[in-house]
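Take a look at the structure below.
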Amino acid sequence: MSSIIIGILVTLGTLFVLLSAIGLIRMPDTYMRISVNTKAATLGVGLILVGTAVFFNDLSTTSRSLVIILFVFLTAPVSAHLIGRASYFTGVKLWKGSVVDDLKGKYQKNSYILKSEIDDTPEDNVDHTKLDDDNK
Amino acid sequence: MLAAILLGFLFAILLVFTGKFFRGKLAVLSAIIPGALFAYFASFIPEIASGEIISRTYQWVPAFGVDLSFKLDGLSLLFSLMITGIGFLVFAYTASYLKGHKYLDRFYGYLSLFMAAMLGLVLSDNIISLFVFWELTSISSFFLIGFNNSNPASRKSALTALGITGFGGFFLLAGALLLGNITGTFTISEMLGMKEAIAGSEYYILAVLFIFVAAFTKSAQFPFHFWLPGAMKAPTPVSTYLHSATMVKAGIYLLMRFTPILGDQEFWNTSLIIVGGITMVYSAIHALFRTDLKGVLAYSTISALGILVFLIGLGTKGAFLAAAVFIIVHALYKATLFLVTGIIDHQTGTRDVTRLGGLRKIMMPVAIAGILAAISSAGIPPSIGFLGKELTYEASAHAETFTVIIVIAIVLTKILLLWAGFVAGIKPFVGKLPEAHKDVKAPGFLMWGPAIILAVLGILFGIFPKLIESALVKPVVLALGADASDYHLALWHGFNTVLLLSGITIAVGILLYFFVKPSIKLENRIGKLEFISPKSILEKGTHYFGVFSAFWTNVFQNGYLRNYVTTIVLFLVVLVSYILFGTAGVTIDYSKLSQVTAYELVVAIILIAGVFYTVFTKSRLAAVAAMGVVGLAICLIFVFYSAPDLAMTQFSIDTLTVILFVLVLYRLPKYLSLSDYKMRIRDGILSVSLGAIICLLALQVLAEPTNSEISDFYAENAYKMAHGKNVVNVILVDFRGADTLIEISVLAIAAIGVFGLLKLRLKSTDRSQ
Amino acid sequence: MKSRFVSNLLLTFVWVALTGDFGFPNYVFGFIVNFFILWVITRGNRDARYFTIIPKLIAFFFYFLWELFKANLQVAYEVSTPHYRMKPGIVKVPLSVQSNLGITFLANMISLTPGTLSLDVSNDKKVLYVHSMYITNREEFIDGIKNGFEKRILEILK
Amino acid sequence: MTQQLILYPLLLQLFLAILLMFFWRKISAQRIISMIGSLIHLAVSIGVFAYIWNHGTQTVQAGDWEAPFGITFIADTFAATMVLLTSIAGLAVSIFSSGSVISDRLRFGYFPIFHFLLLGLTGAFLTGDIFNLYVWFEIIIISSFVLITIGGEKAQLEGAVKYFTLNFLASMIFLTAIAVLYGLTGSLNMADLAGKVAAVENRALVEIDAILFLIAFGIKSALFPLYFWLPASYHTPPSAVSAIFGGLLTKVGVYALIRVFTLIFVGDVLLDQILLVLAIFTLFSGALGALVQNNIRKVFSYLIICHIGYMIIGLGMFTEVAIAGAIFYLIHDILVKTNLFMMSGLIYRITGSNSMRALGGFYANYPKLSLLLFIPLFSLVGIPPLSGFWPKISLITAAFESESYWSLAAIIFASFITLVVISKLWAEVFWKDVQEIPARPKFRYFHKIRNIKRIQIVVPIVFLSLVSLYVGFGAEHIQILSARISSELMDSQQYIDAVLNSQKTQ
Amino acid sequence: MEIILAIIIGVLYAAGIYMILRRSLVKLIIGIILLGNGANLLIFLLGRITEGAPPIIPENSKVFLEAYADPLPQALILTAIVISFGLQSFAIILVKRAHKVVKTDDLDEMNATDEDS
Amino acid sequence: MRTLILKTASNYLLPVLLVFSIFILLRGHYLPGGGFVGGLIAAIAFVLHAFANGLDNTKGLLRFHPGFLMPVGLGLAFFSGLTPVLFFDDPFMTGLWFPEPFPVIGSVGSALFFDIGVYLVVIGVTLTIIFTISESA
Amino acid sequence: MTLTDYLYYVILPLLAFSVLLIVYRFIKGPSIADKIIALDVLITTGIGIIGVYSIIHGRSTFLDTAMILALIAFLSTVAFSYYLEKRNRKK
Ligand code: NA
Ligand code: NA
């Protein structure tokens with residue numbers, strides 16, 4: 001019985017991981033790739049680890065699995081936030097189909113102070129057109 | 001006897017600390033040392049004359065078979081007396097010649113050192129200690145020749161002299177060790193009994209060659225002769241001491257010392273005759289083209305040395321006799337002529353013989369010494385020079401082969417030497433005194449006294465040859481392995497061919513003296529041929545050798561790190577593949593390898609992809625990120641193969657490395673691609689060959705049987721004896737805890753290093769301190 | 001003082017969970033270890049406040065799981081079908097939560113839900129910038145967040 | 001307590017290094033601790049040496065794990081001698097450093113690192129475990145990296161990049177060699193390896209592994225064509241650092257080569273031939289390099305390379321006489337090279353330059369100092385009876401015995417070039433008239449520094465000169481020692497027994 | 001798997017040396033790191049690899065009950081990894097300083113110390 | 001970095017990571033872990049804190065220069081190896097063990113103190129390196 | 001088909017395939033952020049693989065490594081973001 005539960009958990013987890021991998025390939029811009037991945041992979045790995053906990057069915061393994069899940073769920077969104085924000089001010093552009101960009105012009109140049117409203121000093125703000133990437 | 005030798009060394013050391021004391025008027029007192037030593041050695045004359053040999057042995061380095069063993073026989077006695085006797089006169093002469101010189105004390109120091117070394121050399125019965133003293137003469141003469149060390153020419157000739165004699169020295173060492181190897185002893189007197197064994201050895205020629213190179217360099221034989229004229233840059237007392245009786249005779253001494261051991265062989269004799277013959281003629285001719293008095297004397301000295309080598313080469317009893325006498329003759333007249341030249345130089349300030357004349361009016365005693373020495377040098381009776389010349393002709397006339405050529409050569413040499421002797425001993429004193437020298441002052445007694453003594457001895461021994469016959473000459477011949485007890489030295493031997501040759505020599509020589517005057521024109525003429533002289537060939541050789549050295553050095557040490565790495569890796573690849581493919585042959589035993597599984601394959605693929613991306617990306621940051629991929633792959637490999645500790649550590653450290661990189665990355669240079677296409681291909685081939693070799697090597701090793709004795713021990717005892725279940729950790733903190741202790745020290749040092757590198761900023765004043 | 005003691009207790013539980021040993025000595029030991037750690041790091045987090053309301057947390061957890069699952073299916077559909085149906089963009093969401101913990105918590109929850117990503121919080125803590133893949137109606141989207149996660153978080157942190 | 005005696009030099013150095021770290025900013029205290037500690041270290045090393053001399057090879061099994069399972073420390077006569085030499089050179093350089101290294105450098109951990117370096121050297125000599133040797137090598141190289149960069153001047157950094165890369169490469173090759181060795185035998189204990197390597201059937205793999213060790217240690221000991229890091233860097237750090245590097249760093253590579261090739265990889269003709277060829281080229285290249293240099297520290301650097309050739313040629317000929325010669329040369333070279341680099345430091349202090357072209361007039365201005373410096377210089381040349389002469393007796397004799405005439409030629413050639421180089425140096429630096437070296441404002445010239453510092457600079461030079469005079473005039477003792485070491489090395493059974501059978505007899 | 005691991009090791013050695021041979025300072029460090037990884041994996045491989053059996057004695061036992069991986073190479077690699085970390089950190093900083101002081105990105109221009117001076 | 005999210009998260013992560021590091025340290029003798037990894041994790045915890053809060057805050061947290069941990073750790077490790085030499089005349093680094101195992105930690109012996117020494121050195125080294133770089137970057 | 005076989009022959013290949021896709025994204029980029037996110041997902045996937053692997057071999061010890069991965073993978077992302085911020089600020 002437990003094998004079936006484990007099988008289901010692990011299969012679901014793996015499918016979510018695969019989903020995030022495909023998402024990573026398929027999504028048209030960096031923000032969406034981040035968006036897709038942070039969760040699918042996290043959920044997938046979480047499910048696999050629950051499977052592991054069920055498999056070993058002892059306290060020490062269960063607690064370790066839970067700790068891993070906790071860590072992953074704690075850190076993944078923070079990573080996503082960091083890399084997403086860094087992408088934004090290093091000039092990674094939104095997909096052409098994007099409908100709205102409230103963030104535009106709110107990062108102050110050099111200090112990266114983020115404002116809640118657009119003020120009247122646009123020359124201070126991050127200008128996407130002039131930034132380039134390390135790749136180029 | 002050891003004390004006698006050490007005396008000079010001790011005095012030299014004493015001078016380092018009490019130099020001031022001997023720099024002034026008391027300088028002459030230092031002559032007491034050679035004087036006393038002379039007396040000491042003279043006291044042995046009766047014993048030696050009666051055929052005794054006095055030996056003393058002191059232990060030194062028995063582990064090498066090296067003793068301080070000394071032997072006083074006829075040969076060493078003669079040399080000891082010359083060293084100390086002429087030493088005595090030179091010491092005294094110096095007190096006046098270098099009076100008030102700033103470094104007079106140093107000069108005495110070197111002289112004493114040299115004298116002691118020379119004594120050690122001629123008294124040693126152990127060939128290694130002989131070599132030790134031999135080298136000490138080289139080094140102390142280096143200091144003597146370079147005494148005027150602010151003069152570049154002086155430095156250069158000191159270097160040349162040390163270079164040539166030092167070069168020869170290594171051959172003496174090699175020869176000594178080879179002889180030791182053949183005979184099993186370093187004691188010379190023990191080798192005497194093994195003459196046949198040595199001659200029969202396959203190494204005989206080699207040993208003789210080594211000894212020859214040593215002797216020829218020291219005694220300035222062609223083509224090693226040119227350091228000697230250069231050495232005339234030294235103060236005259238040095239020339240007197242080194243070139244008349246001592247240093248340059250060391251080679252002669254060596255040949256004589258080994259005559260009873262290595263001599264009487266065709267190779268020995270012929271080589272010596274040829275080299276000696278060439279040397280005596282070549283340099284006697286050269287003397288003709290000199291205007292510097294010391295130059296004339298230098299070349300005539302080389303020629304005389306050639307005669308001695310030539311005589312040793314003849315190898316007959318008569319030749320030995322002639323050599324023994326000629327050594328004395330040469331020592332007396334050449335020392336006199338050097339002293340005289342020194343006086344002239346000191347008083348007039350010039351040694352250019354074309355500008356000298358009439359000095360008898362100012363310095364009569366010097367003139368007398370000069371003229372007497374010239375007579376002896378010319379071999380005019382009743383000087384001892386005549387005796388020497390007669391014996392030489394006699395020996396030459398009895399040469400076994402090429403007698404005519406030999407006789408012509410020796411007569412020609414003697415004629416030219418007569419000219420040289422006259423130019424040096426007579427020419428400056430006769431004729432008109434040049435205006436420039438009108439106000440020249442007469443030298444003091446300390447200067448001319450020694451010259452007169454030596455000159456007079458030259459005549460005295462000629463008139464009374466019995467004085468030296470059994471005391472000095474015959475013991476020398478005995479030491480050379482011949483018995484001359486039936487021979488008597490005398491001026492008059494009746495009318496014979498030899499007397500005729502003598503007459504011709506003197507007549508032609510004197511004619512030559514009157515018709516050929518030393519002149520700059522002549523000197524310049526020979527100068528044009530200088531480019532084919534051994535000296536300039538060697539100089540050119542040295543130059544090209546320097547160019548080659550620089551080339552060789554720069555080829556390897558070219559400043560490019562990548563070339564250094566390339567060389568090392570290439571070296572490794574070549575050597576390892578030579579064995580791997582050449583002698584072993586590569587076979588891979590697949591049966592011992594486990595199956596490849598899909599996920600392992602994927603890990604391999606991402607690792608290799610990561611590596612390739614790292615290598616070929618153009619972005620630093622992407623490269624660092626790709627290193628992260630590689631690190632993860634390695635971590636997974638460790639997980640798959642049962643190494644959780646490793647996986648943890650690898651991953652933590654990878655992350656830290658990424659952090660480090662990231663912290664400094666924007667201070668680091670761009671990820672430049674600086675190499676050109678060709679270089680990348682070349683490096684690629686090299687790297688891939690290394691990778692392939694390591695890969696093949698690994699597979700080869702895997703095919704070998706394993707031995708798990710040690711890991712079994714760990715597994716068995718980890719818990720029972722070391723109280724741990726994670727065996728890796730138990731190894732780290734217990735079984736091999738010492739490794740770990742050092743390893744954390746390594747970390748701490750690295751941290752200190754980083755701290756220092758980043759925080760320590762030297763003030764500009766502290767740079768390079 | 002009190003909050004420190006509470007955090008010490010909480011960390012002790014973390015410790016016990018980590019070691020998987022629920023014996024009494026382990027609690028004592030865990031308490032000592034964590035007391036030491038808190039002593040070391042005490043300066044940084046004076047304003048620390050810990051969640052104390054366990055039931056709310058559990059309820060929130062299931063709510064979150066549901067949101068997570070729902071959104072994942074949406075993304076799965078998006079990823080596995082050939083055409084894009086997204087209307088992505090960055091939306092400014094005004095914040096009602098004030099505390100750092102609350103903001104962080106909210107932002108992370110938003111990020112963890114597929115399709116949305118908290119990009120940054122303005123320095124004055126007034127707004128959260130959220131990237132979303134489906135902005136059919138801007139106001140609706142903001143309301144969804146405010147009435148969903150934010151409301152619950154405010155309750156928990158009250 | 002005597003059971004552990006051989007570990008005392010190690011423990012003492014480690015203790016000193018840690019203690020000095022506690023005195024991080026108190027540099028006066030560091031100076032005193034270092035000097036007194038080095039003095040005690042010398043006393044302990046003498047004690048160890050005397051004990052080994054009288055009682056033979058001693059072992060300690062770290063952690064009390066019997067060999068080959070734990071890490072073995074072993075002091076045979078060779079190791080004890082090397083430890084003793086390390087402590088002699090260490091004491092000299094410690095005093096010299098106190099006088100000559102500027103306080104800024106001292107404030108950034110000079111002394112702790114210096115003692116870590118000595119620790120590494122001592123450990124490398126005493127260990128009987130091949131991986132442990134690797135770890136000691138690492139502590140040596142990391143300490144040397146730090147010492148060579150401390151102060152971070154331009155030349156230092158340029159040299160250090162090469163020094164680092166090539167030494168790192170050596171470490172990696174060393175690690176590769178250990179991997180192969182472990183793969184073949186499953187052991188790391190050197191005495192155990194001696195037997196296990198001999199039992200490996202695939203000799204080609206053993207040969208390849210030996211080559212890897214040869215290259216790894218060859219880089220460390222600056223053999224041709226692996227020496228590049230040395231001339232690129234040795235002249236860049238403070239001369240106290242060069243002194244300890246010049247004296248001991250390359251020698252530990254030589255030690256490792258001798259150890260490994262007399263204990264583990266024995267009797268392979270091809271390897272001996274390779275060693276000989278490399279040694280001959282090393283003599284040749286080092287000599288030529290020295291000939292064309294102008295900076296005296298660079299001259300000495302190339303002479304280090306050159307003279308490594310003597311030791312390796314002895315190892316390559318592989319007879320008892322030859323190895324005794326190599327050992328004698330090793331002893332001589334450690335003392336003299338250390339001294340020469342200190343000497344270059346003294347010259348630099350006095351004049352502010354190390355360029356032969358610029359220097360001059362030393363003999364006229366500093367006669368007594370010149371005579372002092374004469375001793376190491378001409379000991380290096382091997383003017384008999386100074387120390388460098390004696391080992392050549394063994395080496396040349398061995399060359400005749402093994403009819404290795406190329407070796408003979410190389411030995412004579414290198415000796416001759418050394419003579420030329422040193423006499424040229426003497427003529428330039430000591431004889432030539434004093435040149436006008438532009439005075440450097442604020443430079444701490446010798447005559448400007450405090451008296452105690454001057455003493456601290458000169459005393460170690462005198463000390464090492466006296467020791468090398470002893471080696472020259474007391475050659476008998478050194479030769480007996482070298483011969484004993486050589487015979488112990490050639491008959492490795494007693495080493496193996498001391499490690500593997502000591503427990504059984506207890 | 002051994003064969004794949006051997007290839008991986010070969011690739012790491014090759015890439016490491018290739019990167020060291022470039023003239024760029026940053027590439028030099030990356031080469032050093034790659035080479036270090038290669039050497040560690042080589043020890044790992046030649047110490048013989050075992051799947052899924054970490055050298056940890058089971059909870060209720062005093063000795064191993066089934067197969068276990070050789071712990072010694074793992075301990076050696078751990079030591080080597082940590083040492084390499086020390087060296088690499090030092091190298092990174094060395095390169096940073098060298099770059100700043102010598103003012104070049106090009107190793108080929110860092111050859112002053114090999115020139116006569 | 002001026003990000004509130006990271007700052008908050010790291011403040012909560014720091015104690016968790018430190019607990020984790022000690023956990024890893026103490027279990028090393030029985031399960032994967034030990035002084036190295038433990039030390040690395042502790043160091044990483046502080047580094048994370050420094051990234052989020054700035055170096056000065058983290059240094060303030062520590063109260064002493066992390067470099068001080070190096071001699072302390074080395075001294076501890078050295079002393080734990082030296083104890084058998086000084087007090088029992090056993091070879092260097094011979095393991096000494098309390099006869100009874102302690103609760104939680106298990107057997108306590110010189111090896112544990114040695115591992116704690118390693119732990120401290122690793123923290124000291126890593127933090128010294130990273131802090132120094134951050135300061136001069 | 002046992003659970004082990006299922007995991008070994010179905011699940012691991014699927015995870016492996018995911019890994020390949022992620023690596024593809026890593027190499028393709030195009031922005032550095034894409035690479036960093038790919039690396040992050042790769043590590044997360046690695047945790048999953050370790051989980052599955054530990055079930056296959058019945059050894060929970062491997063989870064310890066997964067724990068470390070979960071904890072500190074985060075830090076490299078932090079570091080990269082830090083770099084991106086610093087680098088741009090420097091310009
Ligand atoms: Na042997
Ligand atoms: Na561990």
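So that the names make sense, note that chain A is the first sequence line, chain B the second, and so on, each numbered from 1. As the structure is a prediction and not an experimental result, all values here were calculated from the model.
For the pair C:Q98 and C:L95, the tightest heavy-atom approach, listed with the atom from each and the gap, is NE2-O, 4.4 Å. In terms of heavy-atom proximity, C:Y63 sits nearest to C:G148 at OH-CA, 3.4 Å. The heavy-atom pair separating A:G23 from A:R33 by the smallest distance is O-CG, 4.3 Å. Of all heavy-atom pairs between C:S96 and C:K146, the closest is OG-NZ, 3.0 Å. Contact detail for A:V10 and A:G51: the closest heavy-atom pair is CG2-CA, 4.5 Å.
The stretch residues 135-144 of chain C places C:I135, C:R138 near chain A, each with some heavy atom under 4.5 Å from a heavy atom of that chain. Contact annotation for residues 116-134 of chain C against chain A (heavy-atom separation below 4.5 Å, listed by residue number): C:T116, C:L117, C:S118, C:L119, C:D120, C:V121, C:S122, C:N123, C:D124, C:K126, C:V127, C:Y129, C:H131, C:M133.
Looking at A:V67, the atoms closer than 4.5 Å to chain C (heavy atoms on both sides) all sit in the side chain, from C-beta outward. For A:L19, the parts lying near chain C are the backbone and the side chain together; criterion is any non-hydrogen pair under 4.5 Å. Using a 4.5 Å cut-off between heavy atoms, A:L66 does not touch chain C at all.
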Residues A:I83, A:I34; criterion side-chain contact (heavy atoms from CB on, under 4.5 Å); working and verdict: CA-CA 8 Å; A:I83 205 68; A:I34 297 171; 3.5 Å; yes

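You'll find the ring centres of A:F73 and C:F61 outside the 6.0 Å limit.
Atom CG of A:L49 is separated from atom OG1 of A:T61 by 11.5 Å, given to the nearest 0.5 angstrom.
Between C:N108 and C:S111, the side chains place no donor N or O within less than 3.5 Å of an acceptor N or O (distance only, hydrogens not considered).
C:F60 places a side-chain heavy atom less than 4.5 Å from the side chain of C:M109. The closest side-chain heavy-atom distance from C:K151 to C:L154 is not below 4.5 Å.
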